[in-house]
Number of protein chains: 2
Amino acid sequence: MDADLDTTDLEILRILQIDATLTNKEIAFKLRKSIATIHDRIRKLKERGYIKKVVAILDRQKINKSLIAFSQVLLKEHTADALNEFEREVAKFNEVMECFQMTGAFDFILRIATSDMESYHLFLRNKLAILPNISTVQSFFVLSETKSDTAYPL
Amino acid sequence: MDADLDTTDLEILRILQIDATLTNKEIAFKLRKSIATIHDRIRKLKERGYIKKVVAILDRQKINKSLIAFSQVLLKEHTADALNEFEREVAKFNEVMECFQMTGAFDFILRIATSDMESYHLFLRNKLAILPNISTVQSFFVLSETKSDTAYPL
DNA sequence: TTTGAAAACTCTCGCGC
DNA sequence: GCGCGAGAGTTTTCAAA
């Protein structure tokens, strides 16, 4: 945190992390501030980079992405070039929603969204597994979603 | 998908998954439709549940949640009661952003956001590990974020 | 689906604390 | 520096066709 956030800023961020469709008027009412103040705070929060983006979250069952996999990838080589190339290639696959380099027994964890096991299989065989530097891929599948937030605790 | 989405609906969803601050006017211009049509489509997409919510995504470095852990949890017992109780308790922890029941060698995967290793340690020792039915917890930490999308491929 | 008009909201500016 | 009110400018909303 470069310049600290005061209580109002934190309240605004808490609110917008849950529901960014609220109007400035509604937020102003909740926080007992004027509309202009809320407007100004939010503008500054965006300017300073606290708010990266505002996005719609879809119902993945409805849009036919029922299968979520977490895939743990181990590479053969760990040179800077090899890591960069893997990251670059993997980011291109639209099935890959997230890719993290990790500590521990494997190198990367990928969150992959497909419609069903057949599609996942095709993705694995035809896209992921043919990258040059892959050693092993272990796939785990989501059975049920207990909690699914994009909001950070504040 | 109950009733199918046409090209316009899909385009709108693609756009809103990336940036939900665009006005109806801007979307209408991109898709060469009238503003009222876009307005109507979005209203229906919300009504029908395709769009679950609209949220602000924050910069986790800036808000001091620099450490993301994926924690794989194994329970001792797998009775319906034991699973429900674990899910209920874990959902209460604000450090836990996501909790999924999984196939494979462990029962749950948790995405945990804390400020640093010390905070994670405290969370693990004082909150997660004292739940009654926990057998093992294996923690993996994010070293770097290569791709981090909330958008599903459409 | 579109048009058009009314209502609601956003955003800026200047003032005051 | 921060917050507020008022007005102009946009956007949303909801008829009717």
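Worth saying up front: this structure is predicted, and the values here are computed from it rather than measured. Proteins come first, then strands; the chains are lettered A, B, ... in the order of their sequence lines, and each starts at number 1.
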Tell me which donor-acceptor pairs under 3.5 Å the side chains of residues 105-112 of chain B have, and how far apart each pair is, sequence neighbours excluded?
| from | atom 1 | to | atom 2 | distance (Å) |
| --- | --- | --- | --- | --- |
| D107(B) | OD1 | H78(B) | NE2 | 2.8 |
| D107(B) | OD2 | L75(B) | N | 2.7 |
| D107(B) | OD2 | H78(B) | NE2 | 2.7 |
| R111(B) | NE | E98(B) | OE1 | 2.8 |
| R111(B) | NH2 | E98(A) | OE1 | 2.6 |
| R111(B) | NH2 | E98(A) | OE2 | 2.8 |
| R111(B) | NH2 | E98(B) | OE1 | 3.3 |

Mutual orientation of the aromatic rings belonging to Y120(B) and F141(B) [parallel < 30°, tilted 30-60°, perpendicular > 60°]: perpendicular
Could you go over nucleotides 10-14 of chain C and give all protein N or O partners under 3.5 Å, atom names and distances?
| from | atom 1 | to | atom 2 | distance (Å) |
| --- | --- | --- | --- | --- |
| dT10(C) | OP2 | N24(A) | N | 3.3 |
| dC11(C) | OP2 | H39(A) | NE2 | 3.2 |
| dC11(C) | O5' | H39(A) | NE2 | 3.2 |

Divergence of helical axes at both termini of the helix from dT1(C)-dA17(D) to dC17(C)-dG1(D) - five pairs an end, 10° steps: 30°
Pairs touching residues 69-86 of chain A that satisfy salt bridge (charged side-chain N to carboxylate O under 4.0 Å, His left out), sequence neighbours left out: none
Atom-to-atom span, CD1 of I38(B) to P of dT3(C) - whole angstrom: 13 Å
Phosphate-side-chain proximity, T37(B) and dT2(C), N/O vs OP1/OP2 below 4.0 Å: yes
Any residue of residues 7-15 of chain B with a heavy atom less than 4.0 Å from an atom of DNA chain C: none
Test: D9(A) and R41(A) ion pair at under 4.0 Å: yes
Check ion pair R43(A)-E47(A) (N to O, under 4.0 angstrom): yes
D40(B)/K33(B) salt bridge by N-O under 4.0 Å criterion: no
Measure all distances between protein nitrogen or oxygen atoms and nitrogen or oxygen atoms of nucleotides 7-9 of chain D, and list the pairs falling under 3.5 Å.
none

